[in-house]
Amino acid sequence: MRLLLKGGRVIDPVTVRDESLDLLLIDGKIEKLGRTLTSTSVEVIDLKGKIIAPGFIDMHVHLREPGFEHKETILTGCTAAAAGGFTAVCCMPNTNPPIDDESVVRFIQNKAKVALSGLVDVYPIAAVTQGRKGEHLAPLAELSAAGVVAFSDDGDPVFDAELMRRALEYAAMYKRPIIQHAQDLPMTKGGVMNEGFTSTELGLAGMPPIAEDVMVSRDIALTDYTGAQYHVAHMSTAGATELVRRAKARGLNVTSEATPHHFTLTDDAVRSYDTNTKMNPPLRTREDIEAVRKGLQDGTIDVIATDHAPHSYDEKQVEFQAAPFGIVGLETAIGLSVTELVQKGVLSFYQLVEKFSVNPRRILHLPQIQIEEGEPANLTIFDPLAEWTVDPSTFKSKSKNTPFSGFRLTGRSVGVINNGQVYWS
Amino acid sequence: MPLESRHLLGLQGMSQPDIQLILDTAISFREVLERPIKKVPPLQGKTIANMFFENSTRTRFSFELAERRLSADVLGFQASGTSVAKGETLKDTARNIEAMKVDMVVMRHSASGAPHYLSQVINANVINAGDGSHEHPTQALLDMYTIREKLGKLDGLHVCIVGDIAHSRVARSNIYGLKTMGAKVSVCGPATLMPRGIEKLGVDVYHHIDDIIPHVDVLNVLRIQLERDAGRLFPTIREFHNYYGITRQRLERSPKPITIMHPGPINRDVEISADVADSEHSVILQQVLNGVAIRMAVLYLLATRN
């Protein structure tokens, strides 16, 4: 590989850089960095007006393999990630078998290494409990040693407070966060959308926002007591956001993420009974969206993650209450974030890069990527002004379940570079 | 003027003239039901499928009778459980039936929004015979017909719906329909059976039945599901009866007679006492009779709209 990237705007919060620079990449490394580089026998790529950032990581992805290959595979999921502008993903353990054993971790790592020749780094997140059943701890030490970066029973909360306490304590020994799908289970039993006026009109069973608030509140108390590390997955309510804000102010090791759909759509979208508006946690209200945006702005919410949850066409072609929860997100994340956050003045591009690259790596204790001479080239390149219309048929993901079909967005990935591999969108 | 929509999915958003048209059309079909030969020909050659994914006797018989009285060809099934449990999706079931050249589909389903979804995947007219906790439009239409028959109007009347509002499709359709027709609507029941934000539909919310009884013209008493989350949403059937049950003693505190309605099936001496259900102010059996006429009107208007 010999590439000369000309005139891109390099935004790298780690080296505190935001300027137009040329990058000479040779054999997967940043050979040179400078204002006007020239070189012979290289492929020159004009990136004027484009942003070059340290590679984006989506720390909340369902790759579905092993077990649900009709929805997504490691290969199709990695391709969707690359197409969407990510050089790394964390995959959630609700596979079949679940990621609660070293052998499954190895299986995923081996598949990821050959998918796109290792372009996309795949960091497995393992289950907190054996079989994700919420009864007994999974072998957290062995799993950590195998390379797992965090623990979560995502899809379900760790509901038992005693077990959650022990999981926090145990995982902290290995510097691994517990990522919680925060939800009080009896409160959300049977629910298919946010509880509120819209669910009342539609006659659909509701999941009240307080179900999330109650669990985040409990978990913060447990984190305080244990001194462990806790991360709230897909935070969707104003109440939970305020709880995390206060926990951070008290100096607790509490972090959180928000998804593009939770800062973009309200539960009004469910009025269509479109099953692509069904996800867990559900779409909330305008007030919750405003709170999530405020949380992203003031740093209460550290990370933008997609909760990419592929489901096949037929699985979603059913009555609303029979449909599985979840939507795909990898290929619309940058567009929605630029359109809804940067263009609306919530975040700067610099902060956007922090949410997509720096902060998730900090939370997961992964080495930071630096755009610096001699460093490996791990880059996300996106066009901040590209206008495009979401067309699910062009998705690289095996599944097309998105509520954003037909949306006009600004901002789109141009390409990614990692591990000596290049992918142009 | 034909109906605006080619489906009857719900009363939310249905215009006043459309509701008026259905109620007025039902008058002549109601008259047919009094004849010695209770059959008329307008739907001859039309085929209607009744897909009941949830148990029902009253509504299924009512639709089937209405269809036969209009001379339509009728087929149907009743199966409990979701389509997923049955192993075939709703879409496939409906498309297969439609492939046999069915003109109209009447569907009852436990999933809210199922008829809405169905109308997007098949071409036949879809009539909602009750979907989950969402809507039951023909029930609300027959309720309005019955009120109008008994009290001569809808506009300006005060109707209170009593019981489990949260899980009731009858309540929602009645609220939409009655409000459109100019009636005042209140709902009464324990806070635990009130759906969030219901007041935004323009209804007054009461938790104490004796507070509202003196002010209403009509009480529409909902069936309480005895098995509903036993002991979690309300403590006991006895307590529910003592605090919300419609009894003669309670009604006597009202200065004027109150028309009593119930969509059935009744739990006698739970939500309504037996003597009230059988009293001269109860129109429960008229509701059942009018249901056939209303369904004839709906089927006729949709079939002749095309």
Side-chain angles (χ1 to χ4, degrees), chain A residues 70 184-211 213 237 239 266-278 282-288 311-325 401 403 405, chain B residues 9-13 53-54 81-86 88-95 107 109-121 128 130-136 165-173 175-176 187 193-203 205 228-229 232:
Chain A
H70 64 291
D184 184 273
L185 287 176
M187 273 191 187
T188 54
K189 189 179 159 208
V192 297
M193 70 171 293
N194 182 51
E195 179 181 280
F197 176 60
T198 310
S199 66
T200 291
E201 271 191 279
L202 295 178
L204 290 171
M207 308 165 92
I210 49 163
D213 306 351
T237 68
T266 68
D267 61 3
D268 260 345
V270 183
R271 284 179 190 283
S272 58
Y273 288 106
D274 178 357
T275 55
N276 287 328
T277 62
K278 180 177 175 181
L283 297 173
R284 305 285 188 187
T285 65
R286 178 55 53 191
E287 290 71 44
D288 295 302
H311 292 294
S312 75
Y313 175 77
D314 284 331
E315 288 168 322
K316 284 284 196 179
Q317 275 292 309
V318 291
E319 315 83 276
F320 196 86
Q321 74 181 40
F325 291 106
N401 51 312
S405 179
Chain B
L9 303 179
L11 295 192
Q12 187 179 29
F53 290 94
E54 205 180 59
T82 64
S83 57
V84 173
K86 255 185 76 207
E88 189 183 40
T89 66
L90 171 59
K91 184 177 170 178
D92 283 338
T93 305
R95 283 194 166 170
M107 181 172 75
H109 203 289
S110 60
S112 299
H116 189 281
Y117 169 68
L118 191 70
S119 72
Q120 293 168 351
V121 296
N128 180 5
D131 64 323
S133 307
H134 181 222
E135 284 229 44
H136 192 352
I165 309 299
H167 301 93
S168 176
R169 52 195 175 213
V170 176
R172 285 169 178 76
S173 288
I175 291 169
Y176 297 133
V187 291
L193 296 178
M194 279 299 159
R196 221 170 154 74
I198 186 78
E199 66 285 348
K200 287 190 205 159
L201 290 180
V203 299
V205 179
R228 173 89 58 201
D229 277 337
R232 292 181 75 103

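All heavy atoms count here, side chains included; hydrogens, waters and symmetry mates do not. Lettering of chains follows the sequences in order, A, B, ..., and the numbering in each one begins at 1.
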Report task. With sequence neighbours excluded, tell me which residues meet salt bridge (charged side-chain N to carboxylate O under 4.0 Å, His left out) with Arg284(A). Result -> Glu212(A)
**Report entry** Residue pairs fulfilling salt bridge (Lys or Arg N to Asp or Glu O under 4.0 Å) with at least one residue in residues 185-194 of chain A, sequence neighbours excluded
**Finding:** none
Query raised in the report: With a 4.5 angstrom heavy-atom cut-off, which part of Gln12(B) approaches chain A: side chain, backbone, both or neither?
Result: side chain
Report summary line: If one checks every heavy atom of Thr275(A) against chain B at 4.5 Å, the contacting part turns out to be neither
Query raised in the report: Roughly how far, to the nearest 0.5 Å, is CG of Leu118(B) from CD of Glu319(A)?
Result: 9.5 Å
Query raised in the report: Within a strict 4.5 Å, meaning less than it, do heavy atoms of the Pro208(A) and Arg196(B) side chains meet?
Result: no
Query raised in the report: Among all residues two or more places apart in sequence or in another chain, which pass the ring-ring contact (aromatic ring centres under 6.0 Å, His included) test with His116(B)?
Result: Tyr273(A)
Report summary line: Scanning both residues in full, the closest heavy-atom pair of Gln317(A) with Tyr117(B) reads O-OH, 2.8 Å
Query raised in the report: When only pairs under 4.5 Å are counted, which of Ala111(B), Gly197(B), Ser168(B) shares the most heavy-atom pairs with chain A?
Result: Ala111(B)
Query raised in the report: Got Ser110(B) and Gln321(A) here, is their nearest side-chain heavy-atom distance under 4.5 Å?
Result: yes
Requested in this report: Select all residues of residues 191-200 of chain A having any heavy atom within less than 4.5 Å of some heavy atom of chain B, and report them by number, or 'none'.
Outcome: Glu195(A), Gly196(A), Phe197(A), Thr200(A)
Requested in this report: To the nearest 0.5 Å, tell me how far Ser133(B) OG sits from Leu204(A) CG.
Outcome: 8.5 Å
Query raised in the report: Where is the tightest heavy-atom contact between Ser112(B) and Gly203(A), given as atom of each residue plus distance?
Result: OG-O, 2.5 Å
